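To find a chain, count down the sequence lines: A is the first, B the second, and so on, and within it residues start at 1. Values in this document were obtained by computation on a predicted structure and should not be read as measured data.
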Amino acid sequence: MRSKLVRQDPPTTLKELEVRAAALAGHTVLALADALGVEVPRESRRAKGFVGQLAEAALGAAANAGDGPDFPALQVELKTIPLLASGRPRESTFCCSIQMARSDREEWRSSRLRRRLQQVLWLPVIGGRGTAVALRRFGRATLWRPTPVEEQLLCADWEDLMGRIAAGRVPSAHHGVALQVRPKAPTRDARSLAPGDDGPRLTLPLGFYLRASFTATILRAAPTSD
DNA sequence: TCGTGATCATCT
DNA sequence: AGATGATCACGA
């Protein structure tokens with residue numbers, strides 16, 4: 001008889017959310033999984049996204065947020081971020097999928113990406129690939145809102161990248177300073193509709209990711225790094 | 001199928 | 001080692 005994942009009630013204030021997140025610091029993924037009544041996947045390959053979903057349940061994120069913030073009442077997005085012991089992000093951070101077909105009609109101000117990055121609660125998960133997922137530990141969470149300079153940087157990248165997509169010139173992961181565009185699909189064979197030289201054409205679905213160099217800067221500037 | 005949650009596997 | 005392209009799990 002396998003137990004079921006226990007999801008907390010949503011926090012009603014930002015303070016409450018921050019207090020809950022702070023309480024996770026120092027604890028292992030295994031400890032939290034035990035508390036919520038779930039097993040940690042044995043193979044790390046099959047644990048992609050597991051810690052993020054565990055943290056969502058623990059903090060009371062909306063179960064079916066879909067294309068919306070994890071905490072709708074607070075307008076906050078939760079993101080776990082894998083860190084090396086040195087404090088460096090191990091990976092880029094997935095932000096959202098790209099609506100390829102309407103890339104030529106979107107604007108930064110009303111974009112999905114900007115909406116999702118308005119307010120982010122970063123929850124570090126410390127441990128390299130040599131550390132079993134279960135034994136990685138949560139760090140100190142930090143609430144982030146883009147500074148005007150950061151937002152300008154994101155906006156410039158977004159316009160460049162979306163512009164290329166709209167022009168039928170799909171950018172590779174080499175483009176972008178803070179942002180990058182990478183595949184976001186079940187397999188390399190997946191296809192979605194996007195603008196092309198001669199009308200709509202099928203291309204690999206893409207997503208926006210924040211470069212590790214950018215998130216490193218964010219976390220370094222955070223007031224919680226002690 | 002598309003969205004979320006991300007990390008894996010491999011190349012440079 | 002760091003970055004890029006590919007992949008895994010799950011829900012509506």
Side-chain angles (χ1 to χ4, degrees), chain A residues 2 4-5 7 29 32-33 36 38-72 76-103 111-113 115-117 120-136 138 141 157 161 170-194 200 202-217:
Chain A
R2 146 193 328 241
K4 193 159 181 155
L5 182 146
R7 182 174 292 273
V29 167
L32 184 59
L36 298 185
V38 289
E39 302 278 322
V40 179
R42 290 172 184 74
E43 291 181 75
S44 63
R45 190 168 64 109
R46 306 216 176 264
K48 298 179 187 180
F50 174 80
V51 180
Q53 299 188 340
L54 193 65
E56 285 186 348
L59 298 180
N64 311 312
D67 177 19
D70 293 312
F71 300 94
V76 169
E77 178 69 22
L78 172 68
K79 291 212 165 293
T80 54
I81 181 166
L83 301 184
L84 267 4
S86 64
R88 270 245 133 196
R90 291 173 51 211
E91 296 277 355
S92 56
T93 300
F94 170 72
C95 294
C96 62
S97 55
I98 299 175
Q99 300 162 105
M100 312 285 286
R102 46 170 302 175
S103 55
S111 67
R112 174 183 276 175
L113 182 71
R115 247 186 297 124
R116 297 195 71 79
L117 296 182
V120 179
L121 183 66
W122 295 99
L123 179 61
V125 179
I126 301 153
R129 291 173 76 160
T131 302
V133 174
L135 298 184
R136 293 176 191 168
F138 292 100
D157 271 356
L161 297 168
V170 177
S172 76
H174 299 279
H175 293 92
V177 178
L179 279 179
Q180 67 181 165
V181 157
R182 300 233 302 278
K184 178 55 174 174
T187 74
R188 77 185 75 174
D189 299 323
R191 289 294 181 271
S192 65
L193 222 45
L202 292 172
T203 65
L204 183 62
L206 305 174
F208 280 120
Y209 294 74
L210 291 178
R211 291 184 179 278
S213 57
F214 182 74
T215 52
T217 303

- request: In sequence, state the C-alpha distance, the side-chain angles, and the governing distance for A:V125 and A:I81, and then conclude on side-chain contact (heavy atoms from CB on, under 4.5 Å).
  value: CA-CA 6 Å; A:V125 179; A:I81 181 166; over 6 Å; no
- prompt: A:R211 side chain to A:G176 main-chain N or O, any donor-acceptor pair under 3.5 Å?
  reply: yes
message: Let's see if you can work this out: which of B:dG3, B:dG5, C:dC8 has an atom nearest to the side-chain heavy atoms of A:S97?
response: B:dG3
- request: Look at all strands and tell whether A:T93 reaches a base, only sugar-phosphate, or nothing, counting heavy atoms closer than 4.0 Å.
  value: nothing
Heavy-atom closest contact (A:L59 atom, A:F71 atom, distance): O-CE2, 3.6 Å
message: Has A:R88 got a side-chain atom pairing as donor or acceptor with A:S213's backbone, closer than 3.5 angstrom?
response: no
message: At 4.0 Å (heavy atoms only), tell me whether A:E77 reaches a base, stays on the sugar-phosphate, or touches nothing.
response: sugar-phosphate
- request: Classify the side chain of A:E91 and the base of B:dC8 as holding, or not holding, a donor-acceptor pair under 3.5 Å.
  value: yes
- prompt: Taking atom types as they are modelled, is there a donor-acceptor pair under 3.5 Å from the base of C:dA3 to the side chain of A:Y209?
  reply: no
field: Heavy-atom closest contact (A:V51 atom, A:T80 atom, distance)
entry: O-CG2, 4.2 Å
- prompt: Given atom CZ of A:R7 and atom P of B:dT4, what is their separation to the nearest angstrom?
  reply: 16 Å
Any A:T80 side-chain nitrogen or oxygen under 4.0 Å from OP1 or OP2 of B:dA6: yes
- request: Output yes when at least one side-chain N/O atom of A:S92 is less than 4.0 Å from OP1 or OP2 of C:dT4, else no.
  value: no
field: Given DNA chain C, 5'-ward residue of the pair A:L204 and A:R88, judged by closest heavy atom
entry: A:R88
task: Return yes if some donor-acceptor pair links the side-chain N/O of A:R136 with the main-chain N/O of A:V29 below 3.5 Å, else return no.
output: no
Donor-acceptor under 3.5 Å (A:R112 side chain, A:I98 main chain): no
- line: note: A:R45, atom CZ; C:dC10, atom P; distance rounded to Å ~ 13 Å
query: Closest heavy-atom contact between A:M100 and A:T203?
result: CE-OG1, 3.4 Å
message: I need the CD-C1' distance between A:E56 and C:dA9, as an integer number of Å.
response: 13 Å
Atom-to-atom span, CZ of A:F94 to C1' of C:dA6 - whole angstrom: 14 Å
task: Consider the side chain of A:K79, meaning its heavy atoms from C-beta on, and name the nucleotide among B:dA6, B:dG3, B:dC8 that approaches it most closely.
output: B:dA6
- request: Return the minimal non-hydrogen interatomic distance between A:R116 and A:C96, and the atom names on each side.
  value: CD-CB, 3.5 Å
query: When the nearest nucleotide of DNA chain C is assigned to A:S213 and to A:G49 on a heavy-atom basis, which residue is associated with the more 5' position?
result: A:S213
query: Taking only N and O in the side chain of A:R90, is any of them less than 4.0 Å away from OP1 or OP2 of B:dC8?
result: yes
Interatomic distance, A:Q53 CD vs B:dT4 P [rounded to whole Å]: 12 Å
query: Tell me, which of residues 173-191 of chain A have any heavy atom that sits under 4.0 Å from an atom in DNA chain B?
result: A:R182, A:K184
statement: A:I98 CD1 to C:dG5 P, in whole Å, measures 13 Å
query: Of the non-hydrogen atoms in A:F214 and A:A178, which two are nearest, and what is the gap between them?
result: CD1-CB, 3.4 Å
task: Check the distance between B:dG5's C1' and A:F71's CZ and give it to me in whole angstrom.
output: 13 Å
statement: Here the residues of residues 122-130 of chain A within 4.0 Å heavy-atom distance, strictly under, of DNA chain B are A:R129
query: Given C:dG11, is OP1 or OP2 found less than 4.0 Å from the side-chain N or O atoms of A:N64?
result: no
- line: Closest heavy-atom pair, A:F50 versus A:A33, reported as atoms and distance to 0.1 Å, is CZ-CB, 4.5 Å
statement: Atom CZ of A:F50 and atom P of C:dG11 are separated, to the nearest Å, by 13 Å
message: Any base atoms under 4.0 Å from A:P41, or only sugar-phosphate, or nothing? Heavy atoms, all strands.
response: nothing
message: Regarding A:G52, tell me which of base, sugar-phosphate or nothing describes its non-hydrogen contacts under 4.0 Å with the strands shown.
response: sugar-phosphate
statement: Between A:R116 and A:R136, the residue closer to the 5' end of DNA chain B by nearest nucleotide is A:R116
